[in-house]
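Please read these numbers as outputs of a predicted model, since none were measured by experiment.
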Amino acid sequence: CGANTGMMSVLVPEMQKIKIICYEPNTEIIDILQNNAYLNSLLGNSYVIRTAALYDKKIPYSLMVREDYIGCSNIEKDDTSHNYTVILDEDIIGEVGLKEEEHIRLIKIDCENSTPNVLAGAKHLIEKHKPIIIIEVHSQNDFSFIKSLGYKYLKQIEENEIWLPS
């Protein structure tokens with residue numbers, strides 16, 4: 001969720017050796033994400049880009065993008081919209097086609113004020129795979145849900161908090 005331009009997935013050369021699934025709802029920056037993946041030789045079966053907003057239930061939404069920074073956006077429920085959020089637990093198996101033998105080791109979330117909803121929509125994946133979770137911190141984040149899944153806070157690096165399974 002919130003892959004933005006793909007900066008996190010191109011920083012580490014070892015990323016070319018693992019499967020990366022990027023979720024980004026902002027169509028204005030999908031081209032930048034795809035170009036960065038191409039320039040860093042990441043495109044292919046192991047690098048999947050989904051133009052989608054993650055949440056804990058399917059709802060119609062509109063994307064509210066800040067005028068001064070297209071990389072910062074929020075989803076708002078909008079009954080007139082034809083865009084629907086996706087639930088990570090369902091999408092990763094159905095659309096992405098995660099195989100039984102594949103293991104999720106890391107989840108990076110930057111979803112502004114939707115972080116608790118995204119985590120709730122990934123509950124079964126988190127319980128099954130016990131990945132490291134990195135969450136970009138926003139003032140309204142509530143970490144009670146991640147704590148209820150048995151995670152403990154490790155440390156903060158810049159605006160990202162790192163959580164480990166107990």
Side-chain angles (χ1 to χ4, degrees), residues 1-10 19-38 42-100 102 104-129 131-149 151 159-161 163:
C1 164
N4 202 307
T5 60
M7 183 182 75
M8 293 300 290
S9 57
V10 300
K19 186 170 194 167
I20 299 172
I21 304 162
C22 301
Y23 288 87
E24 176 55 57
N26 189 341
T27 56
E28 292 182 54
I29 56 178
I30 286 293
D31 286 341
I32 300 169
L33 174 60
Q34 289 174 329
N35 286 335
N36 280 338
Y38 172 77
L42 293 173
L43 285 178
N45 292 336
S46 64
Y47 196 87
V48 179
I49 298 173
R50 298 271 294 127
T51 306
L54 297 174
Y55 214 64
D56 59 343
K57 56 187 168 282
K58 287 188 185 246
I59 61 166
Y61 75 93
S62 288
L63 192 67
M64 310 308 289
V65 180
R66 271 184 32 190
E67 288 181 26
D68 61 332
Y69 178 54
I70 64 168
C72 184
S73 57
N74 289 303
I75 62 169
E76 290 187 6
K77 188 174 187 312
D78 179 357
D79 291 327
T80 65
S81 175
H82 297 290
N83 295 321
Y84 282 82
T85 56
V86 297
I87 302 164
L88 189 57
D89 277 343
E90 296 172 1
D91 192 72
I92 203 85
I93 307 277
E95 292 297 320
V96 175
L98 185 75
K99 297 177 180 81
E100 187 62 36
E102 292 180 304
I104 297 171
R105 291 182 166 77
L106 174 73
I107 296 176
K108 164 74 169 79
I109 301 174
D110 179 6
C111 294
E112 309 305 320
N113 59 357
S114 299
T115 299
N117 302 90
V118 172
L119 287 169
K123 181 180 181 204
H124 300 294
L125 286 174
I126 293 169
E127 289 174 334
K128 179 179 178 180
H129 296 276
I132 295 169
I133 299 176
I134 301 174
I135 301 171
E136 186 162 319
V137 178
H138 299 281
S139 59
Q140 64 273 28
N141 279 352
D142 176 7
F143 296 108
S144 58
F145 182 78
I146 194 167
K147 289 177 182 176
S148 75
L149 294 174
Y151 274 72
E159 67 274 358
N160 297 294
E161 285 194 358
W163 292 80

Which value, rounded to the nearest 0.5 Å, describes the distance between Ile146 atom CD1 and Ile126 atom CD1?
-> 6.5 Å
Can you tell me how far the CD1 atom of Ile49 sits from the CG atom of Asp31, to the nearest 0.5 Å?
-> 9.5 Å
Leu106 vs Ile134, side-chain contact (heavy atoms from CB on, under 4.5 Å): CA-CA, chis, key distance, verdict | CA-CA 8 Å; Leu106 174 73; Ile134 301 174; 3.7 Å; yes
Does some side-chain heavy atom of Pro60 sit less than 4.5 Å from a side-chain heavy atom of Tyr84?
-> yes
Closest approach of Ile135 and Phe143, non-hydrogen atoms and distance?
-> CD1-CE2, 3.8 Å
Ala37 and Tyr47 have their tightest heavy-atom pair at CB-CE2, 3.3 Å
CD/Glu136 to CG/Asn160 distance, rounded to the nearest 0.5 angstrom?
-> 5.5 Å
Which atom names give the shortest non-hydrogen contact between Val118 and Leu54, and what distance separates them?
-> CG2-O, 3.4 Å
Check whether any side-chain heavy atom of Leu33 lies under 4.5 Å from a side-chain heavy atom of Ile29, and answer yes or no.
-> no
Show every donor-acceptor pair shorter than 3.5 Å between a side-chain atom in residues 85-92 and any protein atom, with sequence neighbours excluded, or say none if there are none.
unit_1 : atom_1 : unit_2 : atom_2 : d
Thr85  : OG1    : Lys57  : O      : 2.7
Thr85  : OG1    : Ile59  : N      : 3.0
Asp89  : OD1    : His124 : N      : 3.4
Asp89  : OD1    : Leu125 : N      : 2.9
Asp89  : OD2    : Lys123 : N      : 3.4
Asp89  : OD2    : His124 : N      : 2.9
Asp91  : OD1    : Arg50  : NH2    : 2.6
Asp91  : OD2    : Tyr23  : OH     : 2.6
Asp91  : OD2    : Arg50  : NE     : 3.0
Asp91  : OD2    : Arg50  : NH2    : 3.4

Point-to-point distance, once rounded to the nearest 0.5 Å, from OG1 of Thr51 to CD of Glu24 = 8.5 Å
Validation row: Asn83, Tyr61 side chains within 4.5 angstrom (heavy atoms) = yes
What closest approach, in Å, do Glu28 and Asn26 show between heavy atoms, and which atom pair accounts for it?
-> N-OD1, 2.9 Å
Shortest non-hydrogen contact from Tyr151 to Pro131?
-> OH-O, 2.6 Å
Is it true that atom CG of Leu98 has more than 12 heavy atoms of other residues, nucleotides or ligands lying nearer than 6.0 Å?
-> yes
Closest approach of Tyr55 to Ser114 (non-hydrogen atoms, all atoms of both residues) = CE1-OG, 3.8 Å
Which distance, rounded to the nearest 0.5 Å, do you find between the CD1 of Ile30 and the CG of Asn35?
-> 11.0 Å
With the side chain counted from C-beta on, respond yes when Leu149 and Glu127 share a heavy-atom pair under 4.5 Å apart, and no when they do not.
-> yes
Quick one: CG on Asn36 to SG on Cys22, what's the gap to the nearest 0.5 Å?
-> 10.5 Å
